[in-house]
Amino acid sequence: MLSKAKTMEAIDLIASMYPDAECELVHKNPFELLTAVILSAQTTDVSVNKVTPYLFEKFPTPQALAEGELTEIEEVIKTIGLYRNKAKHIKGCSQKLVAEFAGEVPKTIKELVSLPGVGKKTANVVVSTAFGVPAIAVDTHVERVSKRLRIVKQSANVTEVEETLMKKIPKERWSKTHHQLIFFGRYHCTARKPKCEACPLLYMCAEGQKNL
DNA sequence: AACTCGGGGCA
DNA sequence: TGCCCAGAGTT
């Protein structure tokens with residue numbers, strides 16, 4: 001596993017590649033962001049951005065979405081994939097927001113994860129983006145990149161990846177680094193055919209040396 | 001731990 | 001055309 005210093009060397013290089021990386025969802029308030037992040041599972045933010053304007057025009061509040069007809073919600077979001085599950089999730093999520101959180105989006109990970117459709121990754125994105133809480137949301141990109149660079153051990157699960165990253169990266173950089181790791185994983189250190197030959201981290205990447 | 005949901009993007 | 005994907009729930 002990479003030392004703390006070597007890890008930051010890698011993080012700095014990635015940061016220099018994507019200095020402006022940020023959440024690409026056109027989120028506004030916490031409710032809209034939360035709903036949009038639930039919809040973004042296994043889908044690109046670009047796809048989600050295509051349906052959310054109409055979704056929130058039709059269901060502007062947790063109350064409205066909680067009372068929305070499932071078939072109507074499905075109709076609006078059907079172009080993003082997994083839409084039946086997601087329609088159920090965002091409706092159920094809004095119902096719980098209304099019933100147990102006074103229609104407000106809760107601010108703790110524990111409460112967020114208790115909502116339908118909200119897992120660890122979604123909860124972290126919400127507290128980070130909506131409430132400015134330092135967080136590292138571990139998705140497949142973050143996990144893959146962290147493992148290839150040996151920032152975390154190969155056998156690490158999502159929780160272990162998150163803990164290791166938080167330990168090695170200064171807290172004030174968690175949120176920004178999270179987006180930069182995602183951009184790096186999505187556009188450069190891709191799951192298939194990573195661009196190792198054009199990677200500034202090649203010199204310190206065991207996985208990359210193998211790929212050449 | 002494996003299976004399911006799913007249309008869009010890309011080779 | 002075929003394959004994968006910014007996850008989470010269920011079994």
Side-chain angles (χ1 to χ4, degrees), chain A residues 14-15 17-18 20-27 30 32-55 65 70-71 73-97 105-106 109-130 135-148 152 154-162 165 174-198 211:
Chain A
I14 293 170
M17 295 172 73
Y18 305 99
D20 302 319
E22 60 180 8
C23 180
E24 296 181 293
L25 292 171
V26 289
H27 57 275
E32 292 183 350
L33 177 72
L34 170 62
T35 305
V37 178
I38 293 173
L39 295 181
S40 75
Q42 294 293 98
T43 313
T44 61
D45 285 358
V46 176
S47 296
V48 174
N49 287 339
K50 286 179 189 166
V51 305
T52 44
Y54 186 52
L55 179 69
L65 189 52
L70 217 40
T71 53
I73 300 171
E74 287 177 358
E75 182 64 26
V76 178
I77 67 169
K78 68 181 177 186
T79 59
I80 66 172
L82 309 180
Y83 64 94
R84 290 191 187 88
N85 283 338
K86 290 176 179 180
K88 208 183 303 174
H89 286 158
I90 60 176
K91 178 178 164 70
C93 180
S94 279
Q95 286 176 321
K96 188 154 183 176
L97 288 182
V105 176
I109 298 290
K110 189 178 175 183
E111 290 171 314
L112 283 165
V113 169
S114 79
L115 298 166
V118 180
K120 205 163 174 46
K121 183 256 174 181
T122 298
N124 272 320
V125 171
V126 170
V127 295
S128 167
T129 308
I136 297 177
V138 177
D139 56 26
T140 54
H141 292 316
V142 173
E143 182 171 347
R144 181 181 64 252
V145 169
S146 299
K147 288 186 177 180
R148 279 186 180 160
V152 306
Q154 298 302 109
S155 61
N157 60 35
V158 172
T159 303
E160 291 168 337
V161 172
E162 183 185 341
L165 289 175
W174 287 355
S175 298
K176 187 71 173 179
T177 298
H178 158 242
H179 291 113
Q180 289 168 330
L181 286 174
I182 289 191
F183 271 60
F184 181 62
R186 180 154 175 72
Y187 300 114
H188 199 99
C189 193
T190 48
R192 289 170 303 163
K193 296 188 195 174
K195 307 182 197 322
C196 299
E197 71 285 352
N211 290 341

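Values reported hereafter were calculated over all heavy atoms of this structure, with side chains retained and with hydrogens, waters and symmetry mates removed. Everything numeric in this text was worked out from a predicted model, so none of it was measured.
- Scanning all heavy atoms of the two residues, the minimum distance from A/Val118 to A/Leu34 falls at CG2-CD1, 3.8 Å.
- A/Asp139 places its CG atom 9 Å from the C1' atom of C/dG7, with the value rounded to the nearest Å.
- Remark: C1' of B/dC10 and NZ of A/Lys195 are 11 Å apart, rounded to the nearest angstrom.
- Residue contacts shown for A/Asn85 include a base, since a base heavy atom lies under 4.0 Å away.
- Residue-environment remark: NZ (A/Lys78) stays at or below the threshold of 12 foreign heavy atoms within 6.0 Å.
- A residue-by-residue look at A/Val113 and A/Phe183 shows that A/Phe183 has its nearest nucleotide of DNA chain C further toward the 5' end.
- Atom CZ of A/Arg186 is separated from atom C1' of B/dG8 by 11 Å (rounded to the nearest Å).
- Distance check on atom P: B/dG6 versus C/dT11 gives 16 Å, rounded to whole Å.
- Nucleotide C/dT10 holds its C1' atom 15 Å from the CG atom of A/Leu82, rounded to whole Å.
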Please step through side chain to side chain donor-acceptor pair (under 3.5 Å) for the pair A/Thr44 and A/Ser47, ending with a clear verdict.
CA-CA 5 Å; A/Thr44 61; A/Ser47 296; 3.0 Å; yes
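- Taking atom NZ of residue A/Lys193 and atom C1' of nucleotide B/dA11, one finds them 6 Å apart after rounding to whole Å.
- One interatomic measurement links the two molecules: CD of A/Glu74 to C1' of B/dG7, which rounds to 14 Å at whole-angstrom precision.
- Look at OH on A/Tyr83: it is 8 Å from C1' on B/dG6, rounded to the nearest Å.
- In terms of modelled atom types and a separation under 3.5 Å, the side chain of A/Lys86 and the main chain of A/Leu39 share a donor-acceptor contact.
- Residues from residues 88-97 of chain A placing a heavy atom under 4.0 Å of any atom in DNA chain B do not occur.
- Residue-environment remark: OH (A/Tyr54) stays at or below the threshold of 12 foreign heavy atoms within 6.0 Å.
- Here OG of A/Ser146 is found 8.5 Å from CD1 of A/Ile136. Values are rounded to the nearest 0.5 Å.
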Below 3.5 Å is the cut-off: list the nitrogen or oxygen pairs between protein and nucleotides 1-4 of chain C, distance only.
none

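- Between the C1' atom of C/dC5 and the CD1 atom of A/Ile182 lies a distance of 13 Å, rounded to the nearest Å.
- Of the candidate nucleotides B/dG7, C/dA8, B/dC5, C/dA8 has the atom lying nearest to any side-chain atom of A/Lys121.
- Against DNA chain B, the stretch residues 37-53 of chain A makes heavy-atom approaches under 4.0 Å through A/Gln42, A/Thr43, A/Lys50.
- As judged by a 4.0 angstrom heavy-atom cut-off over every strand, A/Lys86 is placed among residues making no nucleic acid contact.
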